[in-house]
Visitor: 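A single structure is presented below for examination.
The chains referred to below are lettered A, B, ... by the order of the sequence lines, with proteins before strands, and numbering in each begins at 1.
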Protein chains: 2
Amino acid sequence: MISKKTIYAFKALIHLAGTPSGQPVLIADLARDENIPKKFLEFILLSLRKGGLLQSRVGKGGGYTLALPANKITIGSIVRILEGDIAPVQCLSTTNYARCEECRDEATCGIRLTMTDVNVALATVLDGLTLADMVERSEAARNTLQNVVDYSI
Amino acid sequence: MISKKTIYAFKALIHLAGTPSGQPVLIADLARDENIPKKFLEFILLSLRKGGLLQSRVGKGGGYTLALPANKITIGSIVRILEGDIAPVQCLSTTNYARCEECRDEATCGIRLTMTDVNVALATVLDGLTLADMVERSEAARNTLQNVVDYSI
DNA sequence: TGTTATGTCTATAGAATTAATAGACTAAAA
DNA sequence: TTTTAGTCTATTAATTCTATAGACATAACA
(Lines give C-alpha, C1' and ligand atoms only; values in the text may rest on other atoms or scores of the structure.)
Protein backbone atom coordinates (compact mmCIF):
# COMPACT_ATOMS: atom_id res chain seq x y z
CA MET A 1 0.00 0.00 0.00
CA ILE A 2 1.37 3.38 -1.06
CA SER A 3 1.88 5.94 1.70
CA LYS A 4 0.09 9.25 2.08
CA LYS A 5 3.39 10.95 1.42
CA THR A 6 3.62 9.46 -2.04
CA ILE A 7 -0.02 10.23 -2.79
CA TYR A 8 0.66 13.85 -1.85
CA ALA A 9 3.64 13.80 -4.18
CA PHE A 10 1.50 12.52 -7.04
CA LYS A 11 -1.06 15.25 -6.45
CA ALA A 12 1.58 17.96 -6.36
CA LEU A 13 3.28 16.66 -9.50
CA ILE A 14 0.01 16.39 -11.38
CA HIS A 15 -0.73 19.96 -10.39
CA LEU A 16 2.67 21.10 -11.62
CA ALA A 17 2.28 19.15 -14.84
CA GLY A 18 -0.93 21.05 -15.47
CA THR A 19 0.67 24.44 -15.00
CA PRO A 20 1.85 26.38 -18.07
CA SER A 21 5.53 25.53 -18.38
CA GLY A 22 8.06 27.78 -16.73
CA GLN A 23 5.48 29.21 -14.33
CA PRO A 24 6.68 28.42 -10.82
CA VAL A 25 4.05 27.37 -8.29
CA LEU A 26 4.32 28.33 -4.63
CA ILE A 27 4.39 25.64 -1.95
CA ALA A 28 1.66 27.56 -0.16
CA ASP A 29 -0.62 27.54 -3.22
CA LEU A 30 0.03 23.89 -3.87
CA ALA A 31 -0.72 23.05 -0.26
CA ARG A 32 -3.94 25.01 -0.27
CA ASP A 33 -5.22 23.78 -3.65
CA GLU A 34 -4.40 20.15 -3.09
CA ASN A 35 -5.23 20.12 0.60
CA ILE A 36 -1.83 18.93 1.76
CA PRO A 37 -0.28 19.99 5.10
CA LYS A 38 2.14 22.72 4.07
CA LYS A 39 5.15 21.68 6.11
CA PHE A 40 4.78 18.10 5.07
CA LEU A 41 4.54 19.15 1.45
CA GLU A 42 7.69 21.24 1.83
CA PHE A 43 9.58 18.16 2.79
CA ILE A 44 8.10 16.13 -0.05
CA LEU A 45 8.92 18.72 -2.68
CA LEU A 46 12.42 19.02 -1.34
CA SER A 47 12.89 15.26 -1.70
CA LEU A 48 11.58 15.38 -5.25
CA ARG A 49 13.94 18.22 -6.07
CA LYS A 50 16.89 16.39 -4.62
CA GLY A 51 15.77 13.40 -6.63
CA GLY A 52 16.03 15.48 -9.76
CA LEU A 53 12.35 15.64 -10.64
CA LEU A 54 11.72 19.25 -9.64
CA GLN A 55 13.42 22.60 -9.93
CA SER A 56 12.97 25.42 -7.47
CA ARG A 57 13.63 29.12 -7.29
CA VAL A 58 13.87 31.11 -4.08
CA GLY A 59 12.59 34.63 -3.56
CA LYS A 60 9.96 36.69 -5.28
CA GLY A 61 8.67 35.03 -8.43
CA GLY A 62 10.02 31.76 -7.12
CA GLY A 63 8.40 28.40 -6.54
CA TYR A 64 8.53 24.93 -8.02
CA THR A 65 8.47 23.65 -11.58
CA LEU A 66 9.01 20.23 -13.14
CA ALA A 67 12.64 19.58 -13.98
CA LEU A 68 11.64 17.27 -16.85
CA PRO A 69 8.71 16.93 -19.22
CA ALA A 70 5.92 14.93 -17.61
CA ASN A 71 6.41 11.99 -19.97
CA LYS A 72 9.99 11.61 -18.75
CA ILE A 73 9.01 11.41 -15.10
CA THR A 74 8.26 7.77 -14.37
CA ILE A 75 5.99 6.67 -11.57
CA GLY A 76 8.80 4.35 -10.55
CA SER A 77 11.19 7.22 -9.99
CA ILE A 78 8.63 9.03 -7.84
CA VAL A 79 7.95 5.97 -5.72
CA ARG A 80 11.65 5.24 -5.31
CA ILE A 81 12.33 8.74 -4.06
CA LEU A 82 9.52 8.76 -1.52
CA GLU A 83 9.16 5.16 -0.43
CA GLY A 84 12.88 4.59 -0.60
CA ASP A 85 12.30 1.55 -2.71
CA ILE A 86 10.10 -0.65 -4.80
CA ALA A 87 11.39 -4.11 -3.90
CA PRO A 88 9.04 -6.30 -1.83
CA VAL A 89 11.99 -7.58 0.22
CA GLN A 90 15.05 -5.56 1.09
CA CYS A 91 17.47 -8.23 -0.04
CA LEU A 92 16.18 -7.57 -3.57
CA SER A 93 16.64 -3.83 -3.50
CA THR A 94 19.33 -2.32 -5.68
CA THR A 95 19.06 1.17 -4.24
CA ASN A 96 18.67 0.11 -0.65
CA TYR A 97 19.99 -3.40 -0.27
CA ALA A 98 20.13 -5.05 3.13
CA ARG A 99 20.54 -8.67 4.02
CA CYS A 100 17.46 -10.11 5.73
CA GLU A 101 18.21 -10.60 9.42
CA GLU A 102 17.80 -14.31 9.74
CA CYS A 103 18.41 -15.45 6.21
CA ARG A 104 20.53 -18.56 6.36
CA ASP A 105 21.51 -18.48 2.71
CA GLU A 106 20.39 -15.80 0.31
CA ALA A 107 21.28 -17.84 -2.75
CA THR A 108 18.84 -20.61 -1.88
CA CYS A 109 16.13 -18.62 -0.08
CA GLY A 110 12.78 -19.64 -1.56
CA ILE A 111 11.16 -16.39 -0.51
CA ARG A 112 13.78 -14.33 -2.28
CA LEU A 113 13.77 -16.52 -5.38
CA THR A 114 10.02 -16.09 -5.67
CA MET A 115 9.84 -12.42 -4.78
CA THR A 116 12.27 -11.74 -7.60
CA ASP A 117 9.38 -12.21 -10.01
CA VAL A 118 7.27 -9.75 -8.06
CA ASN A 119 10.11 -7.28 -8.01
CA VAL A 120 10.57 -7.48 -11.77
CA ALA A 121 6.85 -7.15 -12.45
CA LEU A 122 6.58 -4.13 -10.20
CA ALA A 123 9.63 -2.40 -11.61
CA THR A 124 8.44 -3.03 -15.15
CA VAL A 125 5.00 -1.56 -14.68
CA LEU A 126 6.13 1.36 -12.51
CA ASP A 127 8.93 2.35 -14.86
CA GLY A 128 6.59 2.05 -17.82
CA LEU A 129 4.13 4.58 -16.48
CA THR A 130 4.77 8.31 -16.30
CA LEU A 131 3.31 11.45 -14.84
CA ALA A 132 1.96 12.19 -18.32
CA ASP A 133 -0.12 9.00 -18.11
CA MET A 134 -1.67 10.20 -14.89
CA VAL A 135 -2.62 13.50 -16.44
CA GLU A 136 -3.82 12.05 -19.74
CA ARG A 137 -5.90 9.28 -18.23
CA SER A 138 -7.61 11.72 -15.96
CA GLU A 139 -8.39 14.04 -18.87
CA ALA A 140 -9.61 11.16 -21.01
CA ALA A 141 -11.95 10.04 -18.24
CA ARG A 142 -13.25 13.56 -17.80
CA ASN A 143 -13.93 13.88 -21.51
CA THR A 144 -15.75 10.60 -21.63
CA LEU A 145 -17.92 11.58 -18.70
CA GLN A 146 -18.52 14.99 -20.25
CA ASN A 147 -19.83 13.35 -23.41
CA VAL A 148 -22.18 11.21 -21.41
CA VAL A 149 -23.54 14.33 -19.77
CA ASP A 150 -23.88 16.11 -23.12
CA TYR A 151 -25.88 13.30 -24.62
CA SER A 152 -28.11 13.09 -21.62
CA ILE A 153 -29.22 16.70 -21.94
CA MET B 1 7.73 -3.77 1.32
CA ILE B 2 6.39 -7.00 2.76
CA SER B 3 6.03 -7.10 6.54
CA LYS B 4 7.86 -9.38 8.93
CA LYS B 5 4.54 -11.03 9.69
CA THR B 6 4.16 -12.17 6.10
CA ILE B 7 7.76 -13.32 5.93
CA TYR B 8 7.16 -15.40 9.05
CA ALA B 9 4.09 -16.84 7.37
CA PHE B 10 6.13 -17.81 4.32
CA LYS B 11 8.72 -19.52 6.48
CA ALA B 12 6.10 -21.45 8.41
CA LEU B 13 4.27 -22.49 5.26
CA ILE B 14 7.48 -23.59 3.56
CA HIS B 15 8.28 -25.65 6.63
CA LEU B 16 4.84 -27.25 6.58
CA ALA B 17 5.09 -27.92 2.86
CA GLY B 18 8.30 -29.81 3.53
CA THR B 19 6.74 -32.03 6.19
CA PRO B 20 5.47 -35.49 5.19
CA SER B 21 1.76 -34.98 4.53
CA GLY B 22 -0.68 -35.56 7.33
CA GLN B 23 1.99 -35.08 9.98
CA PRO B 24 0.91 -32.15 12.14
CA VAL B 25 3.62 -29.74 13.26
CA LEU B 26 3.48 -28.04 16.65
CA ILE B 27 3.48 -24.25 16.89
CA ALA B 28 6.30 -24.56 19.39
CA ASP B 29 8.46 -26.60 17.01
CA LEU B 30 7.81 -24.26 14.12
CA ALA B 31 8.65 -21.27 16.28
CA ARG B 32 11.89 -22.84 17.45
CA ASP B 33 13.02 -24.18 14.07
CA GLU B 34 12.21 -21.06 12.11
CA ASN B 35 13.17 -18.60 14.83
CA ILE B 36 9.83 -16.89 15.05
CA PRO B 37 8.42 -15.45 18.31
CA LYS B 38 5.97 -18.13 19.40
CA LYS B 39 3.02 -15.94 20.35
CA PHE B 40 3.32 -13.95 17.19
CA LEU B 41 3.43 -17.13 15.17
CA GLU B 42 0.31 -18.40 16.93
CA PHE B 43 -1.56 -15.41 15.68
CA ILE B 44 -0.19 -15.78 12.16
CA LEU B 45 -1.10 -19.46 11.93
CA LEU B 46 -4.55 -18.72 13.24
CA SER B 47 -5.05 -16.13 10.51
CA LEU B 48 -3.88 -18.59 7.88
CA ARG B 49 -6.24 -21.23 9.21
CA LYS B 50 -9.17 -18.84 9.19
CA GLY B 51 -8.15 -17.92 5.68
CA GLY B 52 -8.49 -21.57 4.70
CA LEU B 53 -4.84 -22.31 4.02
CA LEU B 54 -4.14 -24.37 7.13
CA GLN B 55 -5.83 -27.05 9.18
CA SER B 56 -5.27 -27.55 12.86
CA ARG B 57 -5.90 -30.20 15.46
CA VAL B 58 -6.03 -29.60 19.19
CA GLY B 59 -4.71 -31.91 21.86
CA LYS B 60 -2.13 -34.65 21.86
CA GLY B 61 -0.94 -35.49 18.37
CA GLY B 62 -2.28 -32.15 17.24
CA GLY B 63 -0.65 -29.27 15.39
CA TYR B 64 -0.85 -27.64 12.00
CA THR B 65 -0.92 -29.04 8.47
CA LEU B 66 -1.56 -27.48 5.07
CA ALA B 67 -5.22 -27.47 4.13
CA LEU B 68 -4.33 -27.65 0.42
CA PRO B 69 -1.49 -29.02 -1.67
CA ALA B 70 1.35 -26.49 -1.88
CA ASN B 71 0.75 -25.86 -5.57
CA LYS B 72 -2.78 -24.70 -4.79
CA ILE B 73 -1.69 -22.15 -2.22
CA THR B 74 -0.95 -18.94 -4.10
CA ILE B 75 1.41 -16.31 -2.79
CA GLY B 76 -1.38 -13.85 -3.46
CA SER B 77 -3.72 -15.60 -1.06
CA ILE B 78 -1.07 -15.58 1.65
CA VAL B 79 -0.35 -11.90 1.19
CA ARG B 80 -4.03 -11.00 1.15
CA ILE B 81 -4.62 -12.80 4.43
CA LEU B 82 -1.72 -11.20 6.23
CA GLU B 83 -1.35 -7.78 4.66
CA GLY B 84 -5.09 -7.41 4.30
CA ASP B 85 -4.59 -6.53 0.69
CA ILE B 86 -2.54 -6.30 -2.43
CA ALA B 87 -3.82 -3.10 -3.99
CA PRO B 88 -1.44 -0.12 -3.96
CA VAL B 89 -4.33 2.22 -3.15
CA GLN B 90 -7.33 1.30 -1.05
CA CYS B 91 -9.83 2.59 -3.57
CA LEU B 92 -8.67 -0.24 -5.85
CA SER B 93 -9.06 -2.99 -3.31
CA THR B 94 -11.79 -5.54 -3.85
CA THR B 95 -11.40 -7.23 -0.49
CA ASN B 96 -10.93 -4.05 1.49
CA TYR B 97 -12.29 -1.16 -0.49
CA ALA B 98 -12.34 2.32 0.98
CA ARG B 99 -12.75 5.66 -0.72
CA CYS B 100 -9.62 7.80 -0.50
CA GLU B 101 -10.21 10.60 2.00
CA GLU B 102 -9.87 13.59 -0.23
CA CYS B 103 -10.65 12.14 -3.60
CA ARG B 104 -12.85 14.60 -5.44
CA ASP B 105 -13.94 12.15 -8.11
CA GLU B 106 -12.87 8.55 -8.20
CA ALA B 107 -13.89 8.09 -11.81
CA THR B 108 -11.45 10.71 -13.08
CA CYS B 109 -8.66 10.35 -10.51
CA GLY B 110 -5.38 10.09 -12.41
CA ILE B 111 -3.67 8.34 -9.54
CA ARG B 112 -6.32 5.67 -9.41
CA LEU B 113 -6.46 5.25 -13.18
CA THR B 114 -2.70 4.70 -13.25
CA MET B 115 -2.45 2.53 -10.17
CA THR B 116 -4.95 0.17 -11.75
CA ASP B 117 -2.16 -1.08 -13.98
CA VAL B 118 0.05 -1.66 -10.96
CA ASN B 119 -2.74 -3.46 -9.20
CA VAL B 120 -3.33 -5.78 -12.13
CA ALA B 121 0.36 -6.51 -12.55
CA LEU B 122 0.75 -7.30 -8.87
CA ALA B 123 -2.32 -9.51 -8.70
CA THR B 124 -1.26 -11.37 -11.81
CA VAL B 125 2.20 -12.21 -10.59
CA LEU B 126 1.18 -12.96 -7.01
CA ASP B 127 -1.68 -15.21 -8.01
CA GLY B 128 0.53 -16.96 -10.52
CA LEU B 129 3.08 -18.02 -7.92
CA THR B 130 2.49 -20.70 -5.30
CA LEU B 131 4.01 -22.11 -2.19
CA ALA B 132 5.25 -24.97 -4.35
CA ASP B 133 7.31 -22.48 -6.37
CA MET B 134 8.98 -21.27 -3.20
CA VAL B 135 9.90 -24.80 -2.24
CA GLU B 136 10.96 -25.89 -5.71
CA ARG B 137 13.08 -22.86 -6.47
CA SER B 138 14.89 -23.23 -3.22
CA GLU B 139 15.58 -26.90 -3.91
CA ALA B 140 16.70 -26.17 -7.45
CA ALA B 141 19.11 -23.53 -6.19
CA ARG B 142 20.48 -25.91 -3.60
CA ASN B 143 21.04 -28.59 -6.19
CA THR B 144 22.81 -26.21 -8.52
CA LEU B 145 25.10 -25.04 -5.76
CA GLN B 146 25.69 -28.61 -4.70
CA ASN B 147 26.86 -29.46 -8.21
CA VAL B 148 29.25 -26.56 -8.22
CA VAL B 149 30.74 -27.80 -4.99
CA ASP B 150 30.98 -31.35 -6.35
CA TYR B 151 32.86 -30.20 -9.43
CA SER B 152 35.20 -28.09 -7.41
CA ILE B 153 36.34 -31.01 -5.29
C1' DT C 1 -13.03 -39.42 34.58
C1' DG C 2 -9.29 -36.54 35.07
C1' DT C 3 -4.80 -35.21 33.54
C1' DT C 4 -1.89 -33.66 29.97
C1' DA C 5 -1.11 -31.72 25.53
C1' DT C 6 -2.20 -28.41 22.36
C1' DG C 7 -4.57 -24.84 19.79
C1' DT C 8 -7.79 -20.44 20.62
C1' DC C 9 -8.86 -16.05 22.04
C1' DT C 10 -8.72 -11.29 24.12
C1' DA C 11 -6.12 -7.76 25.81
C1' DT C 12 -2.24 -5.03 26.11
C1' DA C 13 2.53 -3.40 25.95
C1' DG C 14 6.54 -1.91 23.39
C1' DA C 15 8.90 -0.55 19.16
C1' DA C 16 9.10 1.36 14.83
C1' DT C 17 7.37 4.03 11.21
C1' DT C 18 4.63 7.60 9.25
C1' DA C 19 2.50 12.01 9.40
C1' DA C 20 2.59 16.55 10.85
C1' DT C 21 4.41 20.88 13.06
C1' DA C 22 7.75 24.55 14.65
C1' DG C 23 11.15 27.77 14.03
C1' DA C 24 15.42 29.51 12.63
C1' DC C 25 18.12 30.11 8.33
C1' DT C 26 19.41 31.26 3.43
C1' DA C 27 18.83 33.06 -1.16
C1' DA C 28 16.84 36.07 -4.56
C1' DA C 29 14.38 40.11 -6.15
C1' DA C 30 12.87 44.77 -6.11
C1' DT D 1 17.22 46.71 3.04
C1' DT D 2 12.88 44.79 3.07
C1' DT D 3 9.99 41.28 1.43
C1' DT D 4 9.24 36.91 -0.57
C1' DA D 5 9.97 32.26 -0.77
C1' DG D 6 12.49 27.93 -0.43
C1' DT D 7 15.86 25.13 2.98
C1' DC D 8 17.10 22.72 6.88
C1' DT D 9 17.08 20.56 11.63
C1' DA D 10 14.41 19.10 15.43
C1' DT D 11 10.57 17.59 17.60
C1' DT D 12 5.91 15.89 18.46
C1' DA D 13 1.77 13.26 17.46
C1' DA D 14 -0.54 9.45 15.45
C1' DT D 15 -0.66 5.06 13.62
C1' DT D 16 0.81 0.57 12.58
C1' DC D 17 3.67 -3.34 13.40
C1' DT D 18 5.79 -6.59 16.46
C1' DA D 19 5.66 -9.06 20.50
C1' DT D 20 3.96 -10.84 25.01
C1' DA D 21 0.73 -12.45 28.77
C1' DG D 22 -2.64 -15.19 30.55
C1' DA D 23 -7.00 -17.38 30.74
C1' DC D 24 -9.74 -20.69 28.07
C1' DA D 25 -11.40 -24.63 25.13
C1' DT D 26 -10.79 -29.02 23.10
C1' DA D 27 -8.96 -33.54 22.17
C1' DA D 28 -6.43 -37.72 23.46
C1' DC D 29 -5.30 -41.20 26.51
C1' DA D 30 -4.40 -43.53 30.78
Visitor: Whole angstroms only, please: what is the CD1-C1' distance between A:I44 and D:dC8?
Guide: 16 Å

Visitor: Would you kindly give the CG-to-C1' distance between B:L45 and C:dC9, to the nearest whole Å?
Guide: 14 Å

Visitor: According to a strict under-4.0 Å criterion, is B:S56 in side-chain N/O contact with OP1 or OP2 of C:dT8?
Guide: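 Yes, within the criterion.
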
Visitor: Does A:K4 make a side-chain N or O approach to OP1 or OP2 of D:dT15 shorter than 4.0 Å?
Guide: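 A:K4 to D:dT15 OP1/OP2: no side-chain N or O under 4.0 Å.
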
Visitor: A:R137 and side chain to side chain donor-acceptor pair (under 3.5 Å): which single residue from B:T108, B:D117, B:T116 fits?
Guide: B:D117

Visitor: Check every atom of D:dA19, C:dC9, D:dC8 against the side chain of A:R49 and return the nucleotide holding the closest atom.
Guide: D:dC8

Visitor: Between P on D:dT7 and CZ on A:R57, what's the gap in Å once rounded to a whole number?
Guide: 13 Å

Visitor: From the options C:dT8, C:dA20, D:dT7, select the nucleotide whose nearest atom is closest to the side chain of A:Y8.
Guide: C:dA20

Visitor: Are any non-hydrogen side-chain atoms of B:F10 and B:M134 less than 4.5 angstrom apart?
Guide: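 Sidechains of B:M134 and B:F10: in contact.
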
Visitor: The side chain of B:K39 lies closest to which of these nucleotides: D:dA21, D:dC29, D:dT18?
Guide: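 Of all the options, the side chain of B:K39 is nearest to D:dA21.
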
Visitor: With sugar-phosphate meaning primed atoms plus P, OP1 and OP2, does A:L26 contact a base, only sugar-phosphate, or nothing at under 4.0 Å between heavy atoms?
Guide: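 Touches sugar-phosphate only.
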
Visitor: Less than 4.5 Å apart, side chain to side chain, heavy atoms only: is that true for B:T74 and B:L131?
Guide: no

Visitor: Between atom CG in B:L41 and atom P in D:dT18, what is the gap in whole Å?
Guide: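 Between P of D:dT18 and CG of B:L41: 14 Å.
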
Visitor: Could you check how far CD1 of B:I27 sits from P of C:dC9, rounded to whole Å?
Guide: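 Nearest whole value for this atom pair: 11 Å.
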
Visitor: Name the nucleic acid region contacted by B:Y64, choosing base, sugar-phosphate or nothing; use a 4.0 angstrom heavy-atom cut-off, strictly under.
Guide: sugar-phosphate

Visitor: With respect to the phosphate group of D:dT18, does any side-chain polar atom (N or O) of B:S3 fall under 4.0 Å of OP1 or OP2?
Guide: yes

Visitor: Rounded to whole Å, how long is the line connecting atom CE of B:M1 with atom P of D:dC17?
Guide: 14 Å

Visitor: Could you state the atom-to-atom distance from CD of A:E83 to P of C:dA19 in whole Å?
Guide: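 A:E83 atom CD is separated from C:dA19 atom P by 8 Å.
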
Visitor: Which nucleotide wins on minimum distance to the side chain of A:L46, given the candidates C:dC9, D:dC8, D:dA19?
Guide: D:dC8

Visitor: Exactly one of A:D127, A:T94, A:D85 should register a side chain to side chain donor-acceptor pair (under 3.5 Å) with A:R80. Which one does?
Guide: A:D127

Visitor: Between B:R57 and B:Y64, is any pair of side-chain heavy atoms under 4.5 Å apart?
Guide: no

Visitor: So if I take every side-chain heavy atom of B:V58 and compare against D:dA25, C:dA19, D:dA28, which nucleotide ends up nearest?
Guide: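 My answer, after comparing the listed nucleotides, is D:dA25.
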
Visitor: In whole angstrom, what separates B:K5's NZ from C:dA16's P?
Guide: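 That distance rounds to 17 Å.
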
Visitor: Among D:dT4, D:dC8, C:dC9, which nucleotide has an atom closest to any side-chain atom of A:E42?
Guide: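 In terms of side-chain proximity for A:E42, the closest of D:dT4, D:dC8, C:dC9 is D:dC8.
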
Visitor: Applying a 4.0 Å non-hydrogen cut-off, can you work out what A:K38 is touching in the nucleic acid: base, sugar-phosphate, or nothing?
Guide: nothing

